[in-house]
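Notes follow the structure.
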Amino acid sequence: RLEENQFSGHIPAELGNLDRLVIVYMQHNQLTGEIPRDLGQLINVNDLRLNNNRLTGNIPPELGRLTNLTKLYLGNNQLIGRIPEELDGLVVVEEMSLENNMLSGSVPSGLNNLARIWYLNLGNNRLTGALPANLGMLPELYSLSLQNNALEGRVPDSLCYLQELTVLNLNHNKFIAFPSINDCIT
């Protein structure tokens, strides 16, 4: 556990060689540079927290190989680019926080593979396009935050089927229609 220190500089790529690591807590430091692709070799890690640093670049698609990962926190950095489709391989992830970056592109439709996810925060990015209709196929989803993006179109009717959903934050986007009560009860 290395969180809440004054660590600066890059995350060493050699960290990916520590294949027995189960948790990586490096949040709340002053780390810079890109997230090393080698972290995708940490096959036993179940909790990866790199949030609240100054990390830049793209989210490495190799993180989608972390099939034991239950928590992924990359928020409050300066990450850019699209959310990698490969993250749909995180089939046991329960919490994913990518907020407060500069991520662009659409919300990946493959996120519906994250059947155990209960917390998903993609707010305060530069995401565009329509929400995938299959977002409503996440049976455990309790909290969905997509605020302060440039998402548009109709909010999918499938969100009505998220029976566990308690927190839904869609403010400051470009949505034009929300499912009516009749859509949600039929």
Side-chain angles (χ1 to χ4, degrees), residues 1 3 11 13 15-27 31 34-53 55-77 79-125 127 129 131-146 149 151 156 158-159 161-169:
R1 296 180 66 140
E3 76 271 19
I11 298 171
L15 185 64
N17 296 331
L18 303 175
D19 59 2
R20 290 186 161 191
L21 282 179
V22 178
I23 62 169
V24 177
Y25 284 179
M26 299 180 81
Q27 72 269 30
L31 298 169
E34 297 188 3
I35 299 170
R37 296 182 182 279
D38 297 339
L39 295 188
Q41 298 172 28
L42 297 173
I43 58 172
N44 291 310
V45 75
N46 62 42
D47 195 340
L48 177 59
R49 298 180 190 226
L50 303 176
N51 52 298
N52 295 85
N53 281 292
L55 299 171
T56 57
N58 296 304
I59 297 172
E62 290 82 358
L63 295 184
R65 296 183 195 151
L66 303 177
T67 56
N68 291 312
L69 198 64
T70 60
K71 295 174 180 65
L72 177 62
Y73 282 78
L74 302 178
N76 297 297
N77 282 293
L79 300 172
I80 61 170
R82 295 182 168 273
I83 298 170
E85 290 284 346
E86 290 82 356
L87 293 186
D88 68 2
L90 304 177
V91 294
V92 297
V93 76
E94 298 171 352
E95 302 171 26
M96 183 183 293
S97 178
L98 308 179
E99 83 281 1
N100 296 319
N101 282 293
M102 295 176 278
L103 299 172
S104 58
S106 58
V107 175
S109 62
L111 291 182
N112 74 308
N113 291 335
L114 310 180
R116 294 186 184 178
I117 198 162
W118 67 268
Y119 176 81
L120 179 59
N121 189 343
L122 306 178
N124 300 304
N125 279 293
L127 300 174
L131 285 181
N134 60 13
L135 209 52
M137 299 171 68
L138 299 170
E140 304 296 322
L141 195 60
Y142 172 86
S143 177
L144 176 61
S145 295
L146 299 167
N149 281 290
L151 298 166
S158 65
L159 292 188
Y161 305 115
L162 296 172
Q163 295 181 1
E164 301 299 321
L165 192 66
T166 303
V167 177
L168 177 62
N169 191 344

In a table with atom names and distances, give each donor-acceptor pair under 3.5 Å that connects a side chain of residues 41-52 to protein atoms at least two apart or in another chain.
| unit_1 | atom_1 | unit_2 | atom_2 | d |
| --- | --- | --- | --- | --- |
| N44 | ND2 | D19 | O | 2.7 |
| D47 | OD1 | R49 | NE | 2.8 |
| D47 | OD2 | Y25 | OH | 2.8 |
| D47 | OD2 | R49 | NE | 3.3 |
| D47 | OD2 | R49 | NH2 | 3.3 |

**Report entry** Test side chain to side chain contact (heavy atoms under 4.5 Å, CB included) applied to L66 and L72, step by step
**Finding:** CA-CA 10 Å; L66 303 177; L72 177 62; over 6 Å; no
**Report entry** I59 and L74: CA distance, side-chain angles, deciding distance, side chain to side chain contact (heavy atoms under 4.5 Å, CB included) verdict
**Finding:** CA-CA 9 Å; I59 297 172; L74 302 178; 4.0 Å; yes
Query raised in the report: N101 and N77: side chain to side chain donor-acceptor pair (under 3.5 Å), yes or no, with the steps?
Result: CA-CA 5 Å; N101 282 293; N77 282 293; 4.7 Å; no
Query raised in the report: Counting distance only, does the side-chain N/O of N53 pair as donor-acceptor with the main-chain N or O of L31 below 3.5 Å?
Result: yes
**Report entry** Residues in side-chain hydrogen bond (donor to acceptor under 3.5 Å, both in side chains) contact with S145, at least two apart in sequence or another chain
**Finding:** none
Query - side chain to side chain donor-acceptor pair (under 3.5 Å) pairs, two or more places apart, involving residues 61-72 - result: R37-E62
**Report entry** Non-neighbouring partners of E86 that pass salt bridge (Lys or Arg N to Asp or Glu O under 4.0 Å), sequence neighbours left out
**Finding:** none
**Report entry** L55 side chain reached by I11 side chain, heavy atoms, under 4.5 Å
**Finding:** yes
Requested in this report: Evaluate the criterion side chain to side chain contact (heavy atoms under 4.5 Å, CB included) for residue pair Q27 and N76; output intermediate values, then yes/no.
Outcome: CA-CA 10 Å; Q27 72 269 30; N76 297 297; over 6 Å; no
Query raised in the report: Do the side chains of D38 and N17 get nearer than 4.5 Å, heavy atoms only?
Result: no
Requested in this report: Mind running side chain to side chain contact (heavy atoms under 4.5 Å, CB included) on L146 and L131 for me, showing each step along the way?
Outcome: CA-CA 10 Å; L146 299 167; L131 285 181; 3.5 Å; yes
Requested in this report: Check P36 against P60 and note the closest heavy-atom contact, atom names and distance.
Outcome: O-CG, 4.1 Å
Query raised in the report: Is the backbone N or O of V107 less than 3.5 Å from a side-chain atom of S109, with the two atoms forming a donor-acceptor pair by type?
Result: no
Query - Candidates T56, L98, N125, L103 - the one meeting side chain to side chain contact (heavy atoms under 4.5 Å, CB included) with L79 - result: L103
Which atom pairs, donor and acceptor, lie under 3.5 Å between side-chain atoms of residues 111-120 and protein residues at least two apart or in another chain?
| unit_1 | atom_1 | unit_2 | atom_2 | d |
| --- | --- | --- | --- | --- |
| N112 | OD1 | N134 | ND2 | 3.4 |
| Y119 | OH | N121 | ND2 | 3.3 |

Query - Main-chain N/O of A133 paired to S158 side chain as donor or acceptor, under 3.5 Å - result: yes
Requested in this report: Taking the side chain as every heavy atom from C-beta outward, state whether L39 and L15 have any pair of such atoms under 4.5 Å apart.
Outcome: yes
Report task. Could you tell me whether the side chain of V167 reaches within less than 4.5 Å of the side chain of L144, counting heavy atoms only? Result -> no
Query raised in the report: Quick one: CG on L141 to CG on L165, what's the gap to the nearest 0.5 Å?
Result: 5.5 Å
Query raised in the report: Should M137 and L162 count as side-chain neighbours, where that means a heavy-atom distance under 4.5 Å?
Result: no
Query - Non-neighbouring partners of E95 that pass side-chain hydrogen bond (donor to acceptor under 3.5 Å, both in side chains), sequence neighbours left out - result: Y73
Query raised in the report: Hey, what do you get for CD1 (I35) to CE (M26), rounding to the nearest 0.5 Å?
Result: 11.0 Å
